[in-house]
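See below for the structure under consideration.
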Amino acid sequence: MPQATTAVADRFAVASPPSEAHPGRSGGSDFAPLLRMVKAQGLLERRTAWYVRSMVVNALALSAVGMGIFALGHTWWVLLLAPALSVLCTRTAFIGHDAGHSQITGNRTLARLIGLVHGNLLLGMSVSWWNDKHNRHHANPNHIEKDPDVAADVLVFTSKQARVRIGFRRWLTRHQAWLFFPLTLLQGIAMKVYGFRDLRRQSPRERAVEATLLVAHLAGYVTLLLTAMPLGHALVFAALHQGLFGLHLGLAFAPNHKGMEMPDPDGARWGHLQRQVLTSRNVRGGTLTDWFLGGLNYQIEHHLFPSMPRPHLRHAQPLVRAHCHAVGMPYAETGLADSYQQVLRHLREVGEPLRAG
């Protein structure tokens with residue numbers, strides 16, 4: 001997704017975590033030996049050429065789909081390009097996400113430019129909004145008071161959150177496991193709306209840049225569809241494209257943390273290793289899984305080393321897994337289908353008391 005600030009990413013990548021340990025767990029200093037091994041193998045060195053190729057291929061593919069839309073726009077065959085465009089938009093989001101973590105370049109200005117192009121301009125999703133949200137998530141994953149990704153909103157993730165739901169939100173919580181994937185169809189549009197709302201928080205200069213690019217995206221998208229096809233075709237195409245884009249994002253993000261351990265806000269502070277490993281879940285698979293999930297299937301490695309380039313994550317995995325085993329720390333890894341089952345099981349369990357009542 002769009003850019004997360006370099007300072008936060010670098011702090012997690014190169015600094016030793018706090019020494020406080022979770023009771024019964026290894027201390028935060030257990031991260032230091034792992035960091036040394038990863039750095040010794042050059043896994044934190046950037047893969048700029050790999051990313052340049054990825055961006056060029058993605059841009060060419062987007063251009064080809066755009067030309068295809070004009071060629072087929074006056075026929076219903078154009079709808080076949082909506083799934084392709086949704087996949088390419090998700091690829092675009094992955095590039096923006098990696099740029100935000102300084103995986104592509106250490107130059108903050110260039111990283112922000114890549115994020116603005118791939119986030120605001122191409123996707124209509126605010127870089128600044130994502131920065132604020134995603135930084136807080138990475139700093140305290142699954143922390144109910146600090147991680148915005150587990151804050152009570154449309155979905156809830158703890159029984160305490162569920163107990164206070166009333167009215168329509170109570171009905172949503174009662175059925176949230178069944179509604180989870182249908183709701184992801186709206187995720188792409190929701191992220192655009194959140195970005196526009198966030199403009200009020202931004203500084204005047206930042207707001208001017210972000211708003212201009214967000215409006216440019218919206219105007220360009222509408223112009224493309226209405227120029228290339230009749231209104232009816234355009235409405236169906238947009239609904240299909242945006243829905244599948246949101247679904248793909250949901251499929252990529254859902255397995256990562258939902259249903260994993262959640263730190264006790266009143267308990268002992270966890271060190272970096274505990275905080276990132278115990279709250280994250282990896283997804284097994286090969287090249288296709290790596291491509292489909294944009295490397296986020298190596299969620300543990302990504303959270304331990306956010307600035308690690310995407311192609312290095314799979315090489316870091318054996319080191320991280322072995323290190324966790326050596327210090328007696330659970331390392332969660334499962335298949336793709338099972339990861340979704342675990343997420344849905346957790347959502348169902350959270351809503352169970354409301355169904356029983």
Side-chain angles (χ1 to χ4, degrees), residues 1-5 9 50-63 65-66 81-105 111-135 137-138 148-149 181 183-196 198 210 213-214 216-218 220-221 238 240-257 283 288-299 302-303 306-307 309-311 313:
M1 297 305 297
Q3 184 174 353
T5 58
W50 186 91
Y51 277 109
V52 169
R53 289 195 299 271
S54 298
M55 287 187 283
V56 169
V57 169
N58 191 66
L60 291 174
L62 285 171
S63 299
V65 169
L81 294 176
L85 184 58
S86 70
V87 170
L88 292 174
C89 284
T90 307
R91 311 310 304 168
T92 302
F94 290 152
I95 292 171
H97 169 271
D98 292 1
H101 281 301
S102 300
Q103 295 177 20
I104 301 175
T105 174
R112 175 167 169 76
L113 178 60
I114 295 172
L116 285 169
V117 170
H118 288 79
N120 292 56
L121 183 60
L122 294 180
L123 299 178
M125 295 163 56
S126 168
V127 167
S128 183
W129 165 75
W130 181 261
N131 285 349
D132 178 69
K133 175 179 179 291
H134 200 55
N135 287 345
H137 161 70
H138 263 268
D149 287 358
F181 284 113
L183 285 172
T184 62
L185 296 172
L186 302 174
Q187 184 64 30
I189 295 175
M191 295 176 83
K192 293 175 173 60
V193 173
Y194 294 149
F196 274 102
D198 189 67
E210 295 245 346
L213 293 175
L214 291 177
H217 166 81
L218 183 60
Y221 185 73
L240 187 59
H241 166 225
Q242 296 297 333
L244 292 176
F245 173 49
L247 178 62
H248 195 163
L249 288 176
L251 291 172
F253 290 124
N256 301 340
H257 304 282
V283 177
L288 182 59
T289 302
D290 292 0
W291 177 86
F292 182 73
L293 298 181
L296 297 179
N297 46 312
Y298 302 105
Q299 191 66 197
H302 171 58
H303 261 256
S307 65
R310 193 193 315 173
L313 292 171

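Just the heavy atoms: all of them, side chains too, but no hydrogens, waters or symmetry mates, feed the values below.
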Check step by step if side chain to side chain contact (heavy atoms under 4.5 Å, CB included) holds for His101 and Ser307. CA-CA 5 Å; His101 281 301; Ser307 65; 5.6 Å; no
Just do the side chain to side chain contact (heavy atoms under 4.5 Å, CB included) check on Cys89 and Leu122 with the steps written out, would you? CA-CA 8 Å; Cys89 284; Leu122 294 180; over 6 Å; no
Candidate pair Met191 and Leu249, rule side chain to side chain contact (heavy atoms under 4.5 Å, CB included), full reasoning: CA-CA 11 Å; Met191 295 176 83; Leu249 288 176; 3.8 Å; yes
Apply side chain to side chain contact (heavy atoms under 4.5 Å, CB included) to Leu123 and Phe245, showing your working. CA-CA 10 Å; Leu123 299 178; Phe245 173 49; 4.2 Å; yes
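No side-chain donor-acceptor contact under 3.5 Å links His303 and Tyr298. A donor and an acceptor atom, one from each side chain of Asn58 and Thr92, are located under 3.5 Å apart. For the residue pair Ser128/Glu210, the side-chain donor-acceptor check at 3.5 Å is not satisfied.
The line from CG of Leu218 to CG of Leu213 is 12.5 Å long, rounded to the nearest 0.5 Å. Atom CG of Asp98 sits about 7.5 Å away from atom CG of Leu296, to the nearest 0.5 Å. Interatomic distance, CG of Leu293 versus CG of Leu288, reported as 9.0 Å (0.5 Å rounding). Interatomic distance, Ile95 CD1 to Thr90 OG1, rounded to the nearest 0.5 Å: 11.0 Å. Between Asn135 atom CG and Trp130 atom CH2 the span is 10.5 Å, to the nearest 0.5 Å. The distance from atom CG of Leu185 to atom CG of Leu244, rounded to the nearest 0.5 Å, is 7.5 Å.
In this structure the side chain of Leu85 reaches within 4.5 angstrom of the side chain of Leu62, judged on heavy atoms. Annotation: side chain of Tyr51 is not in contact with side chain of Thr105 (no heavy-atom distance under 4.5 Å). Contact check for Tyr194 versus Met125: no side-chain heavy atoms found under the 4.5 Å cut-off. Ile104 has its side chain within reach of Ile114: a pair of non-hydrogen atoms, C-beta onward, lies under 4.5 Å apart. You'll find the side chain of Asp149 reaches within 4.5 Å of the side chain of Lys133, heavy atoms only.
Taking the six-membered ring wherever Trp is involved, the centroid distance between the rings of Phe292 and His248 falls below 6.0 Å.
In terms of modelled atom types and a separation under 3.5 Å, the side chain of Gln242 and the main chain of Gly188 share no donor-acceptor contact. A distance-only check finds a donor-acceptor pair linking the side chain of His217 to the backbone of Leu121 [under 3.5 Å]. Looking at Ser126, its side chain does come within 3.5 Å of a backbone N or O of Trp129 through a donor-acceptor pair. Checking side-chain atoms of Asn120 against main-chain N and O of Val127 turns up a donor-acceptor pair under 3.5 Å.
Scanning all heavy atoms of the two residues, the minimum distance from Tyr221 to Ala238 falls at OH-CA, 3.5 Å. Minimum heavy-atom separation, Pro83 to Leu240: CD-CD2, 4.4 Å. In terms of heavy-atom proximity, Ala111 sits nearest to Ala99 at CB-O, 3.6 Å.
For the pair Arg310 and Trp50, the NZ or CZ position fails the cation-pi test of under 6.0 Å to the six-membered ring centre and within 45 degrees of the ring normal.
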